[in-house]
Amino acid sequence: MAEDPGRRNLLDLIGAFEAARNGAAGPWCDRAAARVLAPGGLALFHGLVRDADMVDFDFDDGPAGEP
Amino acid sequence: MTAAPSIQAAPRPLAERIAESASRFRTLAPYPAIADEFERSVARRARMWAPAIEAIAAEGEGAGDTVADVAASWLAMVHLSAPLDQILDADPMSSQWRQLGPIGAFELVLSFKDEVLAAPIERAAGGDATTAARAAIELAAASLTAAIGSYFDIGGRLSWHRGADPARLALLYDRIVEWKCGVIYRALTECVAVAAGVPAAARRAFAAFGLHTGVAVQVLDDAGGVFGPGEGDLDKDPVKITFPLAYALNSSQGSRAELAELLATPRSARDLGRVRELLDAIDTRRFLEYLVEERRDRCDAALAPVAPRTRRSLLDWYDDYFRRRVPA
């Protein structure tokens, strides 16, 4: 896979998230951080992580995912 | 004399056609419990993926038989990767796979792989065979890349230990996830686009959509590994780096040194409650959600210029998929 010269690596993203968490205004990729840090954010985890539905959380469930 | 009006049956839903295509594979037939498990898995996943596959195919000639066949082969390849992962990671397996033993399971998976890669070509008629062959090459190439990526994963290079460099491990993991997971999902969107005759520029955008979706799937998988019930990634000895740990070990906030020591402690003495407290103290769940959202923005950026009509459908599907609002 060819390297995308503009790609943001995981350390860049950690830095961007932390900056947003500390209230800093940032580049465009911080928009995503602002969404999840906003009150009512974390939609992905609502009702999933601490919920019985987490049993089905693994999207790669295959043969182990017996009904 | 006028010709009788033709009566056209309503097209069958794509999810059904994918499941029907998968039901024609024969390798698993001698193992009824495994075949049944496969059938249920494919039916469920076909329902989840059909809206995205249809949206991509609509940028070309639509979701015809070859699209259904390559999608069935892709679902089979994803399904058969599970027992390999479970053997290599010593994760729980269903009893029917356990009965085969590791070597028997590997041999069955390898035979099945041969069948599903060849199936779209063997089933295609005339000129469709060339298209199906190109789609099958995408599948095969992705499988090879994923196998190489998995080699890094299982070779111990991501293991956490005292003195390990968290930044180096985070960067390595970042790449491995694209190699072993992103490419698998990219293969689906790319081979569907190939099979539907989607123009090259849009095909590249759909490939990017698949790649980013695949990485986000791994983020969700990693979230379950740390915050989910039962044994997970924190129970392994040694602990392997995943997205939540890469974040916490590289965060400028929180108690990095304490976490690093806890994770290097043998499982029997590792305080998992304290590990999760430290992760929660620095909003690790929000960081994982951020990764999923940030990949969505990358999908948007790839799709907007070349597939504006399909962009909305795919982003809506992405939101539904990651919030489990898709039919399962």
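Computed over heavy atoms, backbone and side chain alike; hydrogens, waters and symmetry mates excluded. Residue numbers begin at 1 in each chain, while the letters A, B, ... track the order of the sequences.
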Separation of Phe227(B) CZ from Thr284(B) OG1 (nearest 0.5 Å):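 Between atom OG1 of Thr284(B) and atom CZ of Phe227(B) there are 5.0 Å.
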
Any sub-3.5 Å donor-acceptor pair from Ser41(B)'s side-chain atoms to Glu37(B)'s backbone N or O? no

Under a 4.5 Å heavy-atom cutoff, which of Asp174(B), Asn250(B), Leu291(B) has the most pairs with chain A?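 Ranked by contacts with chain A, first place is Asp174(B).
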
Part of Phe243(B) lying under 4.5 Å from any heavy atom of chain A: side chain

Could you tell me which portion of Arg98(B) (side chain, backbone, both or neither) has an atom closer than 4.5 angstrom to a non-hydrogen atom of chain A? neither

Verify the ring-centre separation between Phe322(B) and Tyr318(B): is it less than 6.0 angstrom? yes

With no hydrogens and no angle check, just 3.5 Å: does a side-chain donor-acceptor pair link Asp222(B) and Tyr173(B)?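 Distance-only check passes for Asp222(B) and Tyr173(B).
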
